Amino acid sequence: MRLSSFFLPTSRDDPAEAQIVSHRLMLRAGMIRQASAGIYSWLPLGFRALRNVERIVREEQDRAGCQEMLMPTIQSADLWRESGRYEGYGKEMLRIEDRHGRDMLYGPTNEEQITEIFRHYIKSYRELPKLLYHIQWKFRDEVRPRFGVMRGREFLMKDSYSFDLDYEGARRSYNKMFVAYLRTFARLGLRAIPMQADTGPIGGDLSHEFIILAGTGESEVFCHRALVEQDVLGDDVDYEADLAPEVARWTGHYAATDEKFDEAEAAALGDDLVRARGIEVGHIFYFGTKYSKAMNAAVRGPNDEEIFLEMGSYGIGVSRLVGAIVEASHDADGIVWPEAVAPFRVGLINLKAGDGDCDNACEEIYRTLERAGCATLVDDRALRAGAKFADMDLIGLPWQVIVGPRGIAGGSVELKRRDGGAREELSLESALARLTASPGAGGSATS
Ligand code: ATP
Ligand code: MG
């Protein structure tokens, strides 16, 4: 992509409305534009990052055996009357009346809708278990939308739903999602820590929030140091194997949000206690037959008996993650994208646009990189060098290739790593070899 034609409205000034760094940087880097409170348009640069996050979330859901579908944003109020949640959901729900006077709503989540689909088609225990998901916009009329896309009113969520015959089966589905979540966040360059969350009237221990540590997190969190350090399972993870030992490796250590904080348990950790602020990026929840009973979703068992479906739901804040990644990865000059989600992998700076040699070299580098599947943004604008450097640092692409007349005369370019700022003078060939050889070429890290 050439910057001379790319839609990238960057800005030097700090927007007054942004209280936290990710919101400031996303606005300044021209990633998002507020439409109204808590509602954003995603501009091309931001949209590319959002798509990358979505892709990784999707790949890990698919790998875990979850099947993708797509449900609508607008739902019928009648469904929610069946589950008994229509009145109780309160003002967070955006209620809409259609032209025939029917009550509709913009979905804040999809338990009712998926249960309705499931009960219509699935009648026998033989068709279980099933894991389904979709990635769709949600609307919640939050009292205080803030922090940009981190707490929006309209936001993109991946929500999965599991259907099992019994508690043991539901637990297996839960464990699959637990492991898939750890892998997803690790691939996004984040360290997410599962923390026990409230199960309300359902009881039990099957509810975890996945929290990343960041200074501006909304909640205070406490955990054992091991959780910040231990590795997640690799690509060879077997989702059909018993995942309970892996889940235990994470749930065996103390971890709690302020809601669940226990002074004595935390104190017992001594030097191993990590105390920080956190951002919730995912939440997994087993809720048994809560919706299946209310909505009469049952199958016939082996002896023709009626069995109500055991369900769980599993959410990831896809759009929130883009903000969370920026929050976790930036410096004084701007965003520092992890390779896997960077909107482009390479930013190519032509220091003297219009100079024949520089233009030719840039053209050659650009073509070679694009051919190798390495997404590249060329700054071919007629601007002074300082402005180009500032913009490139602000938008935070992992690699910068700097082409100037002096270097090119000797056949060399400068290669800069955005993370840490290390620079190297290299021959054109070595720079290209380096960029096309390293893992993550094309911006699609396979982890
Ligand atoms: P929170 O406690 O942050 O309000 P929640 O418990 O209401 O979140 P869930 O219903 O568990 O959220 O939704 C699943 C995921 O969707 C959350 O883990 C979060 O990442 C994301 N999410 C929830 N609300 C918002 C929002 N207003 N803006 C952006 N993402 C959100
Ligand atoms: Mg939650």
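Please read these numbers as outputs of a predicted model, since none were measured by experiment. Read the numbers this way: they start at 1 and go in the same order the structure lists the ligands and their atoms. Numbering starts at 1 and runs along the sequence shown.
At least one heavy atom of Gly282 sits under 4.0 Å from some atom of ligand 1. At least one heavy atom of Val281 sits less than 4.0 Å from an atom of ligand 1. Look at Arg153 and you'll find every heavy atom at least 4.0 Å from all atoms of ligand 1.
Within the 4.0 Å heavy-atom criterion, neither part of Leu321 lies near ligand 1. With a 4.0 Å cut-off on non-hydrogen atoms, Glu280 touches ligand 1 through its backbone as well as its side chain.
Between Arg171 and Glu168 no salt bridge is recorded (no basic side-chain N to carboxylate O distance below 4.0 Å).
Which parts of ligand 1 touch Val149 is read off a 4.0 Å heavy-atom cut-off, strictly below it: atoms 29 (C). Applying the 4.0 Å criterion to heavy atoms of His283 picks out, from ligand 1, the atoms 11 (O), 18 (O).
Remark: ligand 1 and Ile316 share no N or O pair separated by less than 3.5 Å (distance only, no angle test). Below 3.5 Å of separation, one finds no N or O of Phe155 facing any N or O of ligand 1. Note: an N/O pair closer than 3.5 Å links Glu142 and ligand 1 by distance alone.
For the residue pair Glu111/Thr109, the side-chain donor-acceptor check at 3.5 Å is satisfied. Remark: the Ser207 side chain and the Tyr286 side chain contain no N/O donor-acceptor pair separated by less than 3.5 Å.
Two rings, from Phe210 and His283, have their centers 6.0 Å or more apart.
Ring pair Phe139/Tyr106 is tilted by interplanar angle, where 30° to 60° counts as tilted.
Other residues, nucleotides and ligands contribute at most 12 non-hydrogen atoms within 6.0 Å of the CZ atom of Phe47. A 6.0 Å sphere centred on CZ of Arg33 holds no more than 12 heavy atoms belonging to other residues, nucleotides or ligands.
Nearest-heavy-atom check against atom 9 (P) of ligand 1 across Arg151, Arg140, Glu209 picks out Arg140.
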Atom pairs and distances, donor-acceptor, side-chain atoms in residues 222-229, under 3.5 Å, two or more places apart:
from	atom 1	to	atom 2	distance (Å)
His224	ND1	Ala226	N	2.9
Arg225	NH2	Asp271	O	3.0

